[in-house]
Amino acid sequence: AFHTEPDHVKPIEGQIPYDLFIQRTDPSVVRHQLDFGNMALGGADPMRYLERYRDRYWSIHIKDVVADRSKDTELGVGVLDLKRLIAAIPNIDAKPCYVEQAGAADSLASARRNFEYLKRI
């Protein structure tokens, strides 16, 4: 699956590269993986993409970002409405969903907090 990165949603000559890519790929042969955090880090709204291309996403990266959208953070600590985003994933039980967070000071403690957040929602 093609995984979204922040620079994929930054305009080039008035066009969003990711929009062109998703429109020009055949859904029968190209899978897409939506990364909530990377979309936000790039300045895009992950909910807009989930709504617009919902049937194109084969898997999801669940990631939260800090208020200035400069880096990711633990789930529920940042600014993304993860509960709403996760609820909007069609057929979620059949899709791989990954929690991703880079740069945690204590990876295991962070993983525990992320797990506890997901249990609560």
Side-chain angles (χ1 to χ4, degrees):
F2 183 82
H3 177 249
T4 54
E5 295 294 343
D7 61 336
H8 296 163
V9 292
K10 294 184 188 248
I12 299 174
E13 298 179 8
Q15 300 266 346
I16 305 293
Y18 183 68
D19 289 341
L20 293 175
F21 182 73
I22 202 166
Q23 291 164 10
R24 295 177 181 176
T25 53
D26 181 345
S28 69
V29 293
V30 178
R31 293 178 173 178
H32 291 267
Q33 181 180 69
L34 178 63
D35 185 315
F36 294 158
N38 282 353
M39 281 289 187
L41 290 170
D45 177 0
M47 181 58 85
R48 179 183 163 271
Y49 278 87
L50 188 55
E51 290 170 345
R52 186 172 180 190
Y53 301 117
R54 66 186 313 109
D55 296 329
R56 297 296 304 271
Y57 294 115
W58 177 77
S59 64
I60 307 290
H61 272 200
I62 300 170
K63 186 189 303 182
D64 208 347
V65 298
V66 297
D68 69 1
R69 294 179 171 10
S70 62
K71 63 180 184 173
D72 61 22
T73 189
E74 290 171 345
L75 303 183
V77 175
V79 297
L80 295 181
D81 186 348
L82 295 174
K83 185 175 183 177
R84 182 173 168 245
L85 283 163
I86 292 168
I89 299 168
N91 199 22
I92 190 172
D93 292 338
K95 295 182 179 175
C97 294
Y98 306 94
V99 173
E100 182 180 13
Q101 180 191 348
D106 181 340
S107 296
L108 189 54
S110 181
R112 283 187 187 113
R113 286 190 286 274
N114 288 332
F115 175 74
E116 289 302 321
Y117 173 80
L118 289 172
K119 277 190 359 184
R120 282 194 310 275
I121 65 166

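Throughout, numbering of the chain's residues begins at 1 and tracks the sequence.
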* First locate atom CD1 of Ile62, then atom CD of Gln101, and finally report the distance between them rounded to the nearest 0.5 Å. =>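 Spacing of CD1 (Ile62) from CD (Gln101) equals 13.0 Å.
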Looking at residues at least two apart in the chain, or sitting in another chain, which of them share a side-chain hydrogen bond (donor to acceptor under 3.5 Å, both in side chains) with [X]?
X      : result
Asp68  : Ser70
Asp106 : none
Asn38  : Glu5, Asp35, Lys63

* Asked: If you count the non-hydrogen atoms of other residues, nucleotides and ligands that lie under 6.0 Å from NZ in Lys95, is the total more than 12?
  ->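 Buried by this count: over 12 neighbours within 6.0 Å.
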* Could you tell me which residues satisfy salt bridge (Lys or Arg N to Asp or Glu O under 4.0 Å) with Arg52, sequence neighbours excluded, listed by chain and number? => Asp19
* Partners of Ile22 by side-chain contact (heavy atoms from CB on, under 4.5 Å), sequence neighbours excluded? -> Tyr18, His32, Tyr53, Arg56, Tyr57
* Structure fact -> Sorted by chain and residue number, the side-chain contact (heavy atoms from CB on, under 4.5 Å) partners of Ile92 (sequence neighbours excluded) come out as Ile86, Ile89, Cys97
* Report the hydrophobic cluster partners of Val30, with the cluster defined as I, L, V, M, F, W, Y residues connected by side-chain heavy atoms closer than 4.5 angstrom, directly or transitively. => Val29
Determine, using the 4.5 Å side-chain heavy-atom cutoff (strictly less than), whether [X] and [Y] are members of one ILVMFWY cluster.
X     : Y     : result
Ile60 : Met47 : yes
Leu20 : Met39 : no
Leu50 : Trp58 : no

Between [X] and [Y], what is the shortest heavy-atom contact and its length?
X     : Y      : result
Pro46 : Phe36  : CG-O, 3.6 Å
Leu75 : Leu118 : CD1-CG, 3.8 Å
Gly78 : Asp64  : N-OD2, 3.0 Å
Leu41 : Arg69  : CD2-O, 3.3 Å
Gly37 : Val65  : O-CG1, 3.6 Å
Leu80 : Ala40  : CD2-CB, 3.9 Å

* Asked: Between the main-chain N or O of Ser107 and the side-chain N or O of Arg112, is there a donor-acceptor pair closer than 3.5 Å?
  ->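 No, the answer is negative, given that no donor and acceptor are paired below the 3.5 Å cut-off.
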* side chain to side chain donor-acceptor pair (under 3.5 Å) partners of residues 73-89, not counting sequence neighbours, each pair once -> Glu74-Ser110, Glu74-Arg113
* Could you give me the CA-CA distance, side-chain angles and deciding distance for Thr25 and Phe21, then say whether side chain to side chain contact (heavy atoms under 4.5 Å, CB included) is met? => CA-CA 6 Å; Thr25 53; Phe21 182 73; 3.7 Å; yes
* **Charged N-O contact under 4.0 Å between Arg48 and Glu51** => no
* Any pair counted as ring pair (Phe, Tyr, Trp, His ring centres under 6.0 Å), so long as it reaches residues 67-121, sequence neighbours left out -> His61-Tyr98
* To do: Answer whether the closest heavy-atom distance between the side chains of Ser59 and His3 falls below 4.5 Å.
  =>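 No. Closest side-chain heavy atoms not under 4.5 Å.
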* To do: List the steps, then state whether side chain to side chain contact (heavy atoms under 4.5 Å, CB included) holds for Phe2 with His8.
  => CA-CA 11 Å; Phe2 183 82; His8 296 163; 3.4 Å; yes
